[in-house]
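The structure follows.
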Number of protein chains: 2
Amino acid sequence: MATEEDLSLTFAALADPTRRAMLARLARGPATVTELGAPFGLAQPTISKHLKVLERAGLIARTQKAQLRPAMLQTAPLVEVSQWLDGYRQFWEANLDQLDFYITSLQEAQK
Amino acid sequence: MATEEDLSLTFAALADPTRRAMLARLARGPATVTELGAPFGLAQPTISKHLKVLERAGLIARTQKAQLRPAMLQTAPLVEVSQWLDGYRQFWEANLDQLDFYITSLQEAQK
DNA sequence: TCGGTATATAGCTGATTGGCTATATAGCTG
DNA sequence: CAGCTATATAGCCAATCAGCTATATACCGA
């Protein structure tokens with residue numbers, strides 16, 4: 001089960017577009033730091049910092065291969081997010097949005 | 001469709017445990033600022049600030065009823081998150097985790 | 001062993017964040 | 001209208017963040 005702290009770390013890691021783009025890249029397979037950084041005009045230490053955030057959230061794992069330290073996607077935290085979302089899914093899947101409720105009740109009241 | 005900016009705002013809003021607890025409360029129905037703040041030992045302006053973050057992310061909508069300004073859950077950003085997650089779901093639903101891939105390939109290599 | 005390549009760490013900066021107190025605004029209610 | 005209640009705004013602070021440059025570390029290959 002995800003602790004609140006886990007979820008906070010995961011959501012915070014996902015809040016940055018650069019990091020989400022990195023995850024998207026990793027969805028196509030493992031990649032090195034240099035490969036991951038290439039699409040962005042960012043300095044190498046900045047990339048390493050982003051990777052550390054992703055790693056701390058458990059969203060990536062790293063291996064060692066000579067001086068390369070490829071990263072690969074880890075889905076456990078995404079599963080936690082998905083499970084967290086499940087608690088709210090009912091609100092949109094049945095169009096039972098709070099706003100819908102509100103508007104409907106207003107319309108009812110007018111009759 | 002969710003812009004990157006939308007997703008960033010949403011994930012950032014969800015990264016705070018106080019705000020997630022507020023959403024959980026709102027899942028049970030609309031609530032006023034005072035009601036939302038009650039469970040936490042936080043000052044009232046702090047609660048208002050959290051609500052503003054949630055509102056900016058589109059996760060809540062507010063109405064006016066005398067001096068009360070109740071908030072209610074808005075699920076649109078959660079739907080965006082869910083759709084974003086869909087892009088990764090294949091990686092865990094079929095146990096096709098990158099780590100699984102890696103371990104399996106190591107084991108294969110040892111034979 | 002030396003030079004090059006890949007990555008990490010240290011340390012700086014400006015912006016943002018989550019908390020606070022003090023104060024303003026707005027709407028009831030007596 | 002006076003005072004109470006609910007909420008918002010302003011402004012402060014310490015911590016965190018995303019970026020940078022400079023430098024260290026680690027490994028390979030000639």
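All heavy atoms count here, side chains included; hydrogens, waters and symmetry mates do not. Every chain is numbered from 1, with letters handed out A, B, ... down the list of sequences.
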Side chain proximity check, B/Phe11 to A/Asp16, heavy atoms < 4.5 angstrom: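 Result no, sub-4.5 Å side-chain heavy-atom pair not found.
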
DNA chain D contacts made by residues 38-46 of chain B, counting heavy atoms under 4.0 Å: B/Gln44, B/Pro45

Polar side chain donor-acceptor pair, A/Glu4 to A/Ser8, under 3.5 angstrom: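 The answer is no; no qualifying pair exists.
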
Heavy-atom check, side chain of A/Leu23 versus side chain of A/Leu73, under 4.5 Å: yes

Nearest-0.5 Å distance that lies between atom NZ in A/Lys52 and atom NE2 in A/His50: 14.0 Å

Side-chain heavy atoms of A/Glu80 within contact of A/Thr10, under 4.5 Å: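 With C-beta onward as the side chain, the pair stays apart.
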
Pair assignment for D/dC17, Watson-Crick or G-U wobble, requiring both distances under 3.5 Å: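 Per the H-bond distance test, C/dG14.
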
Which residue lies more 5' along DNA chain C, comparing A/Arg69 with B/Val53 via nearest heavy atoms: A/Arg69

5' to 3' contact window, DNA chain C with chain A (heavy-atom distance under 4.0 Å):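 Range of nucleotides touched by chain A: C/dG4 to C/dG11.
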
Closest-nucleotide ordering on DNA chain D, the 5'-leading residue of B/Lys49 and A/Ala12: B/Lys49

Heavy-atom side-chain contact between A/Thr46 and A/Thr18 under 4.5 Å: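 Side-chain contact under 4.5 Å: no.
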
Exam field: side chain B/Arg19 to backbone B/Ala13, donor-acceptor pair closer than 3.5 Å: yes

Side-chain heavy-atom pair A/Val53, A/Glu55 within 4.5 angstrom cut-off: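 A side-chain contact is absent here, since even the closest heavy-atom pair is not under 4.5 Å.
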
B/Ser48 vs A/Thr18, nearer the 5' end of DNA chain D by closest nucleotide: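 Between the two, 5'-proximity favours B/Ser48.
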
d(CG, B/Asp16; P, D/dA15) in whole Å: 17 Å

Side-chain heavy-atom pair B/Ser82, A/Arg89 within 4.5 angstrom cut-off: yes

A/Thr34 side chain near A/Ile47 side chain, heavy-atom distance below 4.5 Å: no

Strand partner of C/dG27, provided both Watson-Crick or wobble distances fall under 3.5 Å: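 Because both required distances fall under 3.5 Å, C/dG27 counts as paired with D/dC4.
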
Please list, pair by pair, any protein nitrogen or oxygen found under 3.5 Å from a nitrogen or oxygen in nucleotides 25-30 of chain D.
residue : atom : partner : partner atom : Å
D/dC27  : O2   : A/Gln67 : NE2          : 3.3

Note, A/Arg62 side chain near A/Val33 side chain (heavy atom, < 4.5 Å):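 Counting from C-beta outward, A/Arg62 and A/Val33 do come under 4.5 Å.
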
